[in-house]
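Numbers here are sequence positions counted from 1. Just so it is clear, the values below take in all heavy atoms, side chains as well, and ignore hydrogens, waters and symmetry mates.
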Amino acid sequence: MILDSFRQDVRVGLRVLFKDKIFCFLAVLVLGLGIGGATTQFTIVNAIVLRGFSFPHPEQLMSVGLIDPKASDQNNNFGLGNIPTAQDYEDLKAAQKSFSMMAGYLSGSTINVTYKNNPQRYTGGYVTEDLFKIIGVSPVIGRDFTAADNKPGAEKVAILGDEIWRRDFNADPNIVGQGIRINGKAATIIGVMPPNFKFPVSEELWTPLYNEFPPQPRGDLRLGASNNAPAVMGRLQPGVTLDQANAEFIALARNLAKDNPKTNQNLTSASVQPLLHAFTGVQFRQQVWGMLAAVILVLLIACVNVMNMQFGRAALRAKELAIRGALGATRWRLVRQMLTESLVVAVFGAIAGVIIAYWSLDFFVRAINTLPFPAPYYWRFTIDGPVLVFTVVITLLATIASGLVPAFLSARGNAAEMMKEGGRGNSSRLVNAITRVLVVAQIALTAGLLIAATLEIKSVRNQMKLDYGYDENAVYAARMGLMEGAYPSDDARREFFKRAARGLRANPQFESAAMSSRFRMTFDAQGQYEVDGQNYLTDRDRPRGNFESVSDNYFSALGLKILEGRDFTVDDVDSKHPVAIVNASLARKYWGIKVRLVTSCESSIPVSRSRGEPLSVSCRTC
């Protein structure tokens, strides 16, 4: 009987709504925009924050880092911590009991591959032998890494991603065992990973970490030596909680600080966090949740709009409702009929919203794919089960929010008064008061949303329009990495870059060319430095700043003028006499020199590069 009554209400509601086509169209449009925006943003939240990895029991995957309790959030990697050396990782791995397995990795790294005399540069991962075992993914062709593969000096091996196997290796089913050259050294392909697998972020192939970068001892102060320290992840033992793992690693960190006071004295705490949180970052998660709250506010404004339209429509239907009440319809029956009509409108709005969400997500994915940095491969922006459940829930809430109050107030009208010619009913004053409140509330919500959206857009625009100190439209950057296979020494790599710079400078298409360690001419390194005459009691007291390793002619290539002193030359190397160029703010801070700011770098130091670290070629067009 309930279903029959509901079907009857739906038929009546459809007939009434199709009769009032303008109201139906406007209400569906308004709710469709609100539901579409909320569905789109929840799909993004679901892909980035909620769904996570598609591995078995992803909630057991954790990141591990050591913490300096007195250091800034930035120096502690915003709460995630750091692993200073590979030896720290090995000591933690040997002593801990919270994880069934641990692994280290370097993601987003340069891996040069030569196959059949065709050189290619890939974004790859240097990993320890247990990485794929921890996440529960195995090669579909060939085998996984072993502990023997990860030893320094072992025969070099590699596992290919499915995409490059099909694209660059012709999907050869007999690829296992074939020889290639990795970073200038002979290597053997031992496997191919499943389709759409690019863990940790967007890697295309993988090779053992210690085979390429042997662990360095603690206290190695050579520039770049710490860059080879891996990020660390692990899988919790069954029954072990996150709090228990944190407590254990804090104790292990204190033991390491006690046993290694010269290098670990400040690292007396640790952080164990879900791996997905480590990959997304707390600020980014807050931003996507904040955007979801904003679009839900848009949906609320849409509901208020429809509610106002419902009040106006109810006034026109007052006699109809009065007649139905006089014929015996109860107040609940009238409320249910009007709520059913609101539900029909909301369902049509949800259908329109899902269509809008599909279109918006397609546009969003295409925009993501144009970014210079690829999005993590596990971000799948699809309208799946959880998203549809969310859409159903907000559809029901929109039905209640937009229809309940108008239905209740319309159903409580006085039938006799309504039947009089020109009678407005005894609820008109209340309805008028409510509509005024709704208008004020709608204007207030809209104004708040506009202010928040304007500030958000301004923030994003400011980040996109950062002043890098040069005309970025006139500068082109190419990334390369030279490994010790073909270039076994620092001198060999230095000579290559000198030849490359000379060749680019001789090209008439370029006004100038130079080398820089700044990644994509956007991100530079950070470290500690000392100033003569300053006293530093502990390592924590030493200031930190950004630095960039550059070649001669770098500043002129960017169109920057050195205000005092001279530029670097090809003869400026550490083995002779280390030199540096500092910016105006550092000079003013430590020596009181008042000069105009010329560059955003804390310092620019021409030093020997660590092996395997990529360099950028920067060319300024004529």
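Side-chain rings of F249 and F99 approach one another, their centers coming within less than 6.0 Å. Residues Y529 and F547 keep their aromatic ring centres 6.0 Å or farther apart.
Side-chain contact check for S516 and E548: at least one donor-acceptor pair (N or O, by modelled atom type) lies under 3.5 Å. Using modelled atom types, one finds a donor on one side chain and an acceptor on the other under 3.5 Å when comparing S271 with Q273. Defined by atom type and a distance below 3.5 Å, a donor-acceptor pair is present between the side-chain atoms of E90 and Y210. If you check the side chains of N583 and S585, you find a donor sitting under 3.5 Å from an acceptor.
Ionic pairing of D91 and R218 is present here: one or more N-O contacts between side-chain nitrogen and carboxylate oxygen are shorter than 4.0 angstrom. Under 4.0 Å is where a charged nitrogen must lie from a carboxylate oxygen, and between R544 and D68 no such pair does. Between K498 and E495 there is a salt bridge, since at least one side-chain N of the basic residue sits less than 4.0 Å from a carboxylate O of the acidic one.
Around the CD atom of Q283, the shell of radius 6.0 Å holds no more than 12 heavy atoms that belong to other residues, nucleotides or ligands. Dense packing is recorded around CE of M101, with more than 12 heavy atoms of other residues, nucleotides or ligands lying under 6.0 Å away.
L236 CG to M62 CE: the interatomic distance, rounded to the nearest 0.5 Å, is 4.5 Å. The OG1 atom of T280 sits 12.0 Å away from atom CD of Q287, with the distance rounded to the nearest 0.5 Å. For the atom pair N112 CG and R121 CZ, the distance stands at 7.5 Å (nearest 0.5 Å). Within the model, atoms CG of D144 and CD1 of I159 stand 5.0 Å from one another, a figure rounded to the nearest 0.5 Å. In this structure, OG1 on T146 lies 10.0 Å from CG on D130, to the nearest 0.5 angstrom. With values rounded to the nearest 0.5 angstrom, Y377 atom OH is found 7.0 Å from F53 atom CZ.
Minimum interatomic distance between A154 and N211 (heavy atoms only, all atoms of both residues): O-ND2, 2.7 Å. Looking at every heavy atom in both residues, Y89 comes nearest to M102 through OH-O, 3.4 Å. Of all heavy-atom pairs spanning G65 and I83, the tightest one is CA-CD1, 4.0 Å. In terms of heavy-atom proximity, W379 sits nearest to A47 at CD1-O, 3.8 Å. Nearest heavy atoms, A270 versus N246: O-OD1, 4.0 Å. For the pair L276 and G52, the tightest heavy-atom approach, listed with the atom from each and the gap, is CD2-CA, 3.6 Å.
You'll find the side chain of T263 stays beyond 4.5 Å of the side chain of Q87, heavy atoms only. Y105 places none of its side-chain heavy atoms less than 4.5 Å from the side chain of E203. With a 4.5 Å cut-off on side-chain heavy atoms, E204 and T123 count as touching.
F555 and F568 have tilted rings, their planes meeting at an angle from 30° to 60° on a 0 to 90° scale. Using cut-offs of 30° and 60° on the angle between ring planes, the pair F132 and F145 is parallel.
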**Request:** Verify side chain to side chain contact (heavy atoms under 4.5 Å, CB included) between F279 and L80, making sure each step is shown before the conclusion.
**Result:** CA-CA 10 Å; F279 280 13; L80 297 175; over 6 Å; no
**Request:** Just do the side chain to side chain contact (heavy atoms under 4.5 Å, CB included) check on W289 and V49 with the steps written out, would you?
**Result:** CA-CA 9 Å; W289 281 115; V49 179; 3.7 Å; yes
**Message:** Please evaluate residues F197 and I135 with respect to the criterion side chain to side chain contact (heavy atoms under 4.5 Å, CB included), reporting the C-alpha separation (whole Å), side-chain torsions for both, the decisive distance (0.1 Å), and the verdict.
**Reply:** CA-CA 11 Å; F197 178 84; I135 60 179; 3.6 Å; yes
**Asked** Could you go step by step and tell me if T207 and Y126 meet the side chain to side chain contact (heavy atoms under 4.5 Å, CB included) rule?
**Response** CA-CA 5 Å; T207 191; Y126 296 100; 3.2 Å; yes
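Looking at D88, N77, V232, L267 one by one, the single match for side-chain contact (heavy atoms from CB on, under 4.5 Å) with N82 turns out to be N77.
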